[in-house]
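All chains are named by letter (A, B, ...) in the order of the sequence lines, taking the proteins before the strands, and each is independently numbered beginning at 1.
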Amino acid sequence: MTLAESNSARADTKHATRHFKLHSDGLDPESTLDGGQAFRWWRVPDSEDAPTYDGVIGSTAVRVTAVYDSAGVDIAVEVRSDDAPTGFQAIVTDYLGIGSDISELRSHFADDPCIGPAIAGFSGLRLLRQDPWECLVSFICSSTSNIPRIKLNVNSIARELGQRVGSGDADFTFPAPDVIAGTGEQFLRDLGLGFRAKYVIPAAEAVACGGLDLFALREASYYEARATLVRLVGVGEKIADCVLAFSLDKSEAFPVDRHIRRALERWYGLPEGINNSKASDFARERFGRFGAVAQQYMFHRERLSQRANWGGDHTVHALPEDR
DNA sequence: GTCCAGGGTGAAA
DNA sequence: TTTCACCCTGGA
């Protein structure tokens, strides 16, 4: 759903349910919402017992909590905006990737040297289905950056140019392409985007004028969609693959960055120094339509292995267990 | 305080 | 195919 659609839907209902639960089959909010797919989710302080995140989906501010009950882990959603669009429960379900069958990934790759142990010990990581425009800008911002800074940049854009939809510090919509296009490169530089500012503006103009229809890429083939995205200045294969995987339904996309390349070299014997494009080809060949989710498990594992308290033996024992 | 790495890309060599 | 500049923030 586009921002415009969600805004018009919003006018229809003023009385959406403010609290609801979703059967998520064990979704883990931390790794899914704050694991590097999306950059506008914030951990609610002191929520160790029930990991809780605040964020905005479309034009609605929400609070997402992992609930542990007798039926297993489930997800509780609280609407923090004044109202929510019709069918908001379905919108959240869609956004969170609930319904994707993780058991199929397990059965196919249980014996995989890298992600086998990861999915055996930890099945809560899901692929989000984000808004393509926000996703595109987020990953343009990711170039030679780090996750804290990407979050800073993307949230600065929302705070300065989006509409307020809640009382929290980060409760803003992500601004539409024409709004961003109307500001200019210097404005984004002043927000701290650095050289990435000169990539965001042309992308915003292309989407705003209709020259680039991001939603149409959901219907296109993987290679066709990737070729389209890569035409944007500042969007190479890695960033295109992230947008394709996290917002455009391309489950075979396999973004390769320095971490993933290192993992592929270590676990699958790829020659050291192989270029990212070839590494991505190898992974797509190996993982097929599970590429995108496999890459997330790989990325998650690499991140954990770098944290001191997770040790460095890279075994299943170094991974968090299902609760 | 300094130093350095960080979910890359595009242009030049 | 390889090398380098591009911005600048957070953490060591």
Side chain of [X] only, heavy atoms from C-beta on: which candidate in [options] is closest?
X: A:I239; options: C:dT9, B:dG10, B:dT9; answer: B:dT9
X: A:H259; options: C:dG10, B:dG6, B:dT9; answer: B:dG6
X: A:R149; options: B:dG8, C:dG10, C:dT9; answer: C:dT9

Check the distance between [N]'s [atom2] and [X]'s [atom1] and give it to me in whole angstrom.
X: A:L193; N: C:dC7; atom1: CG; atom2: P; value: 12 Å
X: A:D241; N: B:dG8; atom1: CG; atom2: C1'; value: 13 Å
X: A:N153; N: B:dG6; atom1: CG; atom2: C1'; value: 12 Å
X: A:F139; N: B:dG8; atom1: CZ; atom2: P; value: 10 Å
X: A:R262; N: B:dG6; atom1: CZ; atom2: P; value: 7 Å
X: A:L136; N: B:dG8; atom1: CG; atom2: P; value: 16 Å
X: A:I201; N: C:dC6; atom1: CD1; atom2: C1'; value: 17 Å
X: A:Y199; N: C:dC7; atom1: OH; atom2: P; value: 8 Å

For a quick test of reading the model, state the closest non-hydrogen atom pair linking [X] to [Y] and the distance between them.
X: A:G194; Y: A:R149; value: N-NH2, 4.1 Å
X: A:F39; Y: A:S138; value: CD1-CB, 3.7 Å
X: A:A292; Y: A:A245; value: CB-CB, 3.7 Å

Short side-chain donor-acceptor distance under 3.5 Å, A:R262 and A:H259: yes
Nearest-nucleotide 5' precedence on DNA chain B, A:V233 against A:S145: A:S145
First encountered from the 5' end of DNA chain B, between A:R258 and A:L232: A:R258
5'-most by nearest nucleotide on DNA chain C - A:G273 or A:G194: A:G273
pair A:I260-A:P255: side-chain heavy atoms closer than 4.5 Å: no
If only side-chain N and O atoms of [X] are considered, is one of them under 4.0 Å from the OP1 or OP2 phosphate oxygen of [N]?
X: A:K198; N: C:dC7; answer: yes
X: A:R189; N: C:dC7; answer: yes
X: A:K278; N: C:dT1; answer: yes

Check: A:F139 ring centroid to A:F246 ring centroid under 6.0 Å: yes
Intra- and interstrand pairs of DNA chain C - dot-bracket, Watson-Crick/G-U under 3.5 Å, | marks other strand: ||||||.|||||
Option from A:L125, A:L128, A:T32 for which side chain to side chain contact (heavy atoms under 4.5 Å, CB included) with A:Q296 holds: A:L125
SB check A:D171 A:R80 (cutoff 4.0 Å): yes
Whole-angstrom distance between C:dC7 and B:dA12, as gauged at atom P: 15 Å
Polar side-chain contact A:R196-C:dC6 base: donor and acceptor under 3.5 Å: no
Which part of the nucleic acid, if any, lies within reach of [X] when heavy atoms closer than 4.0 Å are counted: base, sugar-phosphate only, or nothing?
X: A:G234; answer: sugar-phosphate
X: A:T144; answer: base
X: A:G35; answer: base

Stacking of A:F195 on C:dC6 base (centres under 5.5 Å, planes under 30°): yes
